[in-house]
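Notes follow once the structure below has been shown.
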Amino acid sequence: MFSISGLNNEQRKAADTIEGPVLILAGAGSGKTRSITYRMANMVENYGLDPKTILAVTFTNKAAREMKERVTGLLGKKKSKGITLSTFHSLALKILRAEIEKLGYSKNFTIFDTADQMSLIREALNSYQGEKSFDRKSILAQIGKLKSAGISSEEFSRTDNFNTDLDYDLATEHCYQFYTDKMKFYNVIDFDDIILLTVKLFKLYPEIAEKYSRRYQYIMVDEYQDTNQLQFSMILGLTSTHNNLCVVGDDDQSIYSFRGADITNILNFEKHFSGCTVIKLEENYRSTEPILNLANNVIKENKRRKEKSLRTSNTEGISPVLWKCADTDHEAQTIVEEITKFQSSGGHLSNMAVLVRSTTQFPALEDQLRISMVPYVLVGGQKFYERKEIKDVLAYLSIMHNPKDEIALRRILNVPSRGIGAKTLEKYLDLAKEKNIHLYNAFKDCPGLDPKKEKCISAFVDLIEEFKQKIASAPLEHGIKDLIERLNFHTYIDGFYKQKKQANRRKEDLARLVESAERFTKFFGESAKLRNFVEKMILQDTPDKDESSASDDNIRKNEVTLMTLHSSKGLEYDHVFLVGMEEELLPHKKSITQGDDIEEERRLAYVGLTRAKLRMVMTYACERKIYGRDLKRFPSRFLATISNDLYQNIDKNSFSDLSEEEVKTYKKNFFDDLISKIDV
DNA sequence: GGTTATTATTTTTTT
DNA sequence: AATAATAACC
């Protein structure tokens, strides 16, 4: 018998209300994950439900893996194995893999990431006869919005969203049409399509929705405040034969509206699912009272939120502080100094996190951490597969799997250079257009279009065909390794990056790619298909070796975590540095100038503050380098509304916070440093 | 056709 | 400051 008696009253109610719709409003640190993992264990152990009927959807693959671990801890490997724990995208992709042919795509479709989308939009704009130059990004954003609102490219011009007088709308219409047509022709889909097509499938073939709905009798959705309209429709499909839907979320932590997250999903849940049980978790087990008071004081300024009061019985604690620093480097230095102090007093670095609003804040912090030789791990920021050299190799793999993917083909057509330049490409594009065939087939069928180039082109086509065979017959990692060697990619990198350090870094990345392919084949064995590998790379669904070893012995590495506020959601640390509490960073400049949602920025600050268990250190710099210029900076408006007794102001730029002894050492070190520099 | 120099442009956050 | 896009050169 599995016991849920370790939970408080509300948590127990959450874990023990199994049938029908349930809304769990879980404040920060209120034991949300604990409640839902217990809920799953409770369902299996005490209600005798088949684990195979349980589906839990999380926001990131990382969160899914973490939850899986915790459920396994409660249920054991055998029973937890049946439970499906996945993201919306992974789940939808699984469905599409089985059913996409019904929508006129073939099964070997590939996935476009944002960079691929951008190149397609560029193509679209090139073929557009507008006088003005348009911003690709905002056009793509507009298309994304239309897609998630369910408006097709044909419908767009007939909706209220469309204004004939606006140049941008006309351009968008052209691009949207161009984009949709090409995507289909290339047999590729984008991130939005993964959900969109699944929803379309559910609508056109209700029996498919029913099939999955019957399979997943009990559905849980984590971080419900960050779901968008499409995901909501997908949920409707999945619950078409029952209403056992349990969603968990906190409207105060909704921070993804830029990606279409719709906060009304959680605010209106009770309307969407009548007769639902509402459970509020308001007891905070994470932070001490001083930290919680500060966080509550920040978030209470938001107008659009459900009133709630987070409380804690943990009344004793260190007062949060705000450090005033001179500039970006001084800020980083001061933080790293504090970290080394903590380290030398015997603290474990896994208990510390440094949180930032923007990834541009990373380099300064990383520099200081490296100088002081503090081990750290980066979360968020540029994705591994987005690095140029990785994308290049993945592009080769993509066209082996889906030769219609013209964007991938053009990406590597002359990388490394093999004498197929812009002129040749143009000729073949014309040929392909004229014969209405795919670009790759044009190369394959007519290598001698330009006799001077015949050799280059046949060599290229042969290479692709050869490796297509090779990769299908040998373990994936061998194929990739051989490909990198055959292409002389290392030499290419040496030529491209003049600095040796940079070049070596890129080569290490390639080695990492081979390693991750190796882990992939090890894990999936015979069914380790090229396509799944590329897919998993793009969806960030590749547990790296750090994580797997950590789960093996369950020892957290002795390193500081450096990450964006967005990726910190759901995590907690004893000591947290919230870096850059200043205007134009938090709230971000874009949200100020575009009159965008300041409330979301405030929620972001709230998320950051509520990560801390024991100590909160906020910092800001009086001067920061932006576009290579030093600009004056000011403390965040979010601090202005807070009464002074809730945090302590410390001026790190003067000696006022140091003891006499510390000032002495500081000055001595300063002069020693100076002298050593003069010596050299 | 390829390489290099010059100029423009950028910075939110992520599946 | 760093990178991408473009122009000018070989």
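Throughout, a chain's letter reflects where its sequence line sits, starting with A, and its residues are numbered from 1.
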Closest nucleotide among B/dT11, B/dT3, B/dT15 to the A/Phe191 side chain | B/dT15

Assign A/Lys137 to base, sugar-phosphate, or nothing according to its heavy-atom contacts below 4.0 angstrom with the strands shown.
-> sugar-phosphate

Euclidean distance, atom NZ of residue A/Lys427 to atom C1' of B/dG1 [Å, nearest integer] | 11 Å

Does anyone know the first and last nucleotide of DNA chain C in reach of chain A, 5' to 3', at under 4.0 angstrom to a heavy atom?
-> C/dA4 to C/dA5

Spacing of A/Lys455 atom NZ relative to B/dG1 atom P, expressed in whole Å = 18 Å

Under 4.0 Å between any heavy atoms, over every strand shown, what does A/Ser90 touch: base, sugar-phosphate, or nothing? Just pick one.
-> nothing

Closest of B/dT13, B/dG1, B/dT15 to the A/Thr564 side chain is B/dT13

Do A/Arg411 and A/Asp392 meet the salt-bridge criterion of a basic N to acidic O distance under 4.0 Å?
-> yes

Are A/Arg418 and A/Phe460 in a cation-pi contact, defined as NZ or CZ under 6.0 Å from the six-membered ring centre and within 45° of the axis?
-> no

Which part of the nucleic acid does A/Lys569 contact within heavy-atom distance under 4.0 Å: base, sugar-phosphate only, or nothing?
-> nothing

Within the structure shown, what part of the strands sits under 4.0 Å from A/Asp113 by heavy-atom distance: base, sugar-phosphate, or nothing?
-> nothing

Can you check the A/Lys590 NZ to B/dT14 P distance for me, whole Å?
-> 15 Å

Taking for each residue the nucleotide of DNA chain B with the nearest heavy atom, is it A/Ile538 or A/Ile626 whose nucleotide lies nearer the 5' end?
-> A/Ile626

Measure from CZ on A/Phe59 to P on B/dT13 and round the result to the nearest Å.
-> 15 Å

Establish, with yes or no, whether the OP1 or OP2 oxygen of B/dT13 is under 4.0 angstrom from a side-chain nitrogen or oxygen of A/Thr359.
-> yes

Write down the distance between CD1 (A/Ile194) and C1' (B/dT14), rounded to a whole number of angstrom.
-> 13 Å

Let me know the distance between CE of A/Met118 and C1' of B/dT9, rounded to the nearest Å.
-> 12 Å

Looking for any heavy atom pair under 4.0 Å, which part of the strands does A/Lys383 touch: base, sugar-phosphate only, or nothing?
-> sugar-phosphate

Indicate, with a heavy-atom threshold strictly under 4.0 Å, whether A/Arg603 touches base, sugar-phosphate, or nothing.
-> nothing

Is the closest side-chain donor-acceptor distance between A/Tyr606 and A/Gln253 under 3.5 Å?
-> no

If you look at every strand shown and take non-hydrogen atoms under 4.0 Å, does A/Leu604 touch a base, only sugar-phosphate, or nothing?
-> nothing

Residues passing the side-chain contact (heavy atoms from CB on, under 4.5 Å) test with A/Ala98, sequence neighbours excluded, are A/Tyr212

Might you work through the ring pair (Phe, Tyr, Trp, His ring centres under 6.0 Å) test for A/Phe59 and A/Phe88, ending with a clear yes or no?
-> CA-CA 7 Å; A/Phe59 197 65; A/Phe88 276 105; 8.5 Å; no

Where the side chain of A/Thr60 is defined as all heavy atoms beyond and including C-beta, which of B/dT11, B/dG2, B/dT15 is the nearest nucleotide?
-> B/dT15

For the side chain of A/Ser417, counting heavy atoms from C-beta on, which of B/dT3, B/dT14, B/dG1 is nearest?
-> B/dT3

Is A/Thr360 touching bases, backbone alone, or none of the nucleic acid, heavy atoms closer than 4.0 Å?
-> base

Do we get A/Arg506 above A/Tyr492's six-membered ring, with its NZ or CZ under 6.0 Å from the centre and within 45° of the axis?
-> no

Does the side chain of A/Asn187 pick up a donor-acceptor pair with the side chain of A/Asp405 at under 3.5 Å?
-> no

Using the P atom in both, what is the distance from C/dT6 to B/dT11, to the nearest Å?
-> 16 Å

In whole angstrom, what separates A/Lys589's NZ from B/dT13's C1'?
-> 17 Å

5'-most contact on DNA chain B: A/Gly421 or A/His588, nearest heavy atom basis?
-> A/Gly421

Counting any heavy atom closer than 4.0 Å, what does A/Phe88 reach on the DNA or RNA strands: base, sugar-phosphate only, or nothing?
-> nothing

Atom CZ of A/Arg370: over 12 foreign heavy atoms under 6.0 Å = yes

Which nucleotide sits closest to the side chain of A/Asn414: B/dT14, B/dT15, B/dG2?
-> B/dG2

In whole angstrom, give the distance that lies between atom CD1 of A/Ile189 and atom C1' of B/dT15.
-> 12 Å

If you measure only the distance, is there a donor-acceptor pair under 3.5 Å linking the side chains of A/Asp251 and A/Gln225?
-> no

